[in-house]
Amino acid sequence: MTTGVLTRQLAPGVEAQIVSSADFGSAAADLVQNQLSAKPNAVIGFPTGNTPLPLYHELLRRQKAGQIDLSRLQPVMLDDYLGAVGDNPISFFNWLRREFFDPAGIVASRIWRMPTDPDGIDQACRRYERGLMERGGVDLQLLGLGLNGHIGFNEPGSPAESRTRVIKLTETTTAANAVYWPDASKVPHSGVTMGVGTILEARSIGLLVNGAAKAGILRTALFGPMTPAVPASLLRKVHKIHVIADEAAASKLG
Ligand code: PGA
């Protein structure tokens, strides 16, 4: 378990755990482990990006060491690119499989996949939401924080009631995400994402934030006005947010 952790109550229902960057993956893995100890078949939403990589490495390490049982976990996705069908390399589904699910022995059929085929996408988004309900809802939703305050692909302007849908990505997001892929010119300009409203229905939410570049937006999300202009600020509408921030990301929290 993580040591040297400082947990602070930042606002009603918002608890922040500030850790060294070396402890970031372990602190995030503790959230998953605690959830699975309480409910071995928990429904957990997993994000893509640089932020959760230390989490995935730590979960795989614990699994290998026999410290965590992922065999009954029910993983669901947060977002993906519109058009990322099949084995398209620019796909969050395939990224998650490569970085976490495949090495963890979680077969593709166990993952509730975000729809990405433009053909019939609106219907598929509704089916995606029904699939979450059929699993009893999301127990723990893990999120990264975009430089512009997005959560999933809920870009600025996304209302608190928004559901799973197609969304046009901002320049900030396409530029930030280009680093994940070998050919930046092929990164799609539309995404499919759980809505803010979908995310708010999760029974608990873990917001993972690391690096100095996120310090300003983390402060705005936690202390600024609650507004669709900063979708992450809308998380404060529900009283169950656990923020895990490294010291660099927490440097402007005061
Ligand atoms: P990052 O992306 O983890 O690569 O910084 C986070 C996000 O945009 O949600």
Side-chain angles (χ1 to χ4, degrees), residues 19 21 23-29 31-32 44-59 75-82 84 89-96 98-100 114 138 140-158 162 164-165 167-182 184 187-196 198-200 202 205-222 228-235 241-252:
V19 297
S21 64
D23 282 339
F24 185 75
S26 179
L31 273 190
V32 173
I44 302 183
F46 290 99
T48 306
N50 287 326
T51 306
L53 273 178
L55 160 68
Y56 298 142
H57 295 158
E58 176 62 11
L59 288 175
V76 301
M77 283 183 67
L78 172 65
D79 54 5
D80 206 332
Y81 293 117
L82 183 66
I90 303 186
S91 139
F92 283 4
F93 179 69
N94 291 324
W95 185 98
L96 280 165
R98 187 178 67 238
E99 298 296 337
F100 178 46
M114 185 59 68
V138 177
L140 170 63
Q141 180 62 54
L142 299 169
L143 302 167
L145 175 64
L147 288 167
N148 60 5
H150 76 200
I151 43 175
F153 272 150
N154 289 286
E155 298 283 39
S158 295
S162 51
T164 300
R165 70 204 184 289
I167 188 156
K168 177 117 187 59
L169 303 177
T170 60
E171 286 302 318
T172 316
T173 297
T174 36
N177 285 10
V179 300
Y180 308 149
W181 318 109
V187 176
H189 290 267
S190 293
V192 190
T193 184
M194 275 187 188
V196 178
T198 321
I199 291 169
L200 294 180
I205 294 173
L207 179 66
L208 314 179
V209 194
N210 60 9
K214 302 275 177 74
I217 191 64
L218 179 59
R219 182 181 166 77
T220 304
L222 296 182
V230 182
S233 70
L234 300 173
L235 294 173
I241 313 302
H242 192 93
V243 181
I244 296 180
D246 72 355
E247 284 153 350
S251 61
K252 294 191 176 159

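The structure displayed is predicted, hence computed values, not measured ones. Keep in mind that the numbers below use all heavy atoms, side chains included, and drop hydrogens, waters and symmetry copies. When a ligand or atom number is given, it counts from 1 through the structure's own listing order.
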Quickly, which of V209, N210, L55 forms a side-chain contact (heavy atoms from CB on, under 4.5 Å) with F24? Name it, please.
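Exactly one candidate clears the test, N210.
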Qualifying residue, where the test is side-chain contact (heavy atoms from CB on, under 4.5 Å) with L143 and the options are L208, V243, I199, T51
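Among L208, V243, I199, T51, the one meeting side-chain contact (heavy atoms from CB on, under 4.5 Å) with L143 is I199.
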Given a heavy-atom cut-off of 4.0 Å, could you list the residues near ligand 1 in chain and number order?
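Within 4.0 Å of ligand 1, the protein residues are G49, N50, T51, G144, L145, G146, H150, Y180, K214.
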Hey, can you tell me if Y81 and F153 have their rings parallel, tilted or perpendicular (30° and 60° cut-offs)?
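Plane angle between 30° and 60°, so tilted.
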Would you call the rings of W95 and Y180 parallel, tilted or perpendicular, taking 30° and 60° as the class edges?
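Ring orientation, 0 to 90° scale: tilted.
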Answer yes if the side chains of T198 and R165 hold a donor-acceptor pair under 3.5 Å, and no otherwise.
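Checked: T198/R165 side chains show no N/O donor-acceptor pair below 3.5 Å.
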How long is the straight-line distance from CG of L235 back to CG of L200, given to the nearest 0.5 Å?
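Going from the CG atom of L200 to the CG atom of L235 covers 6.0 Å.
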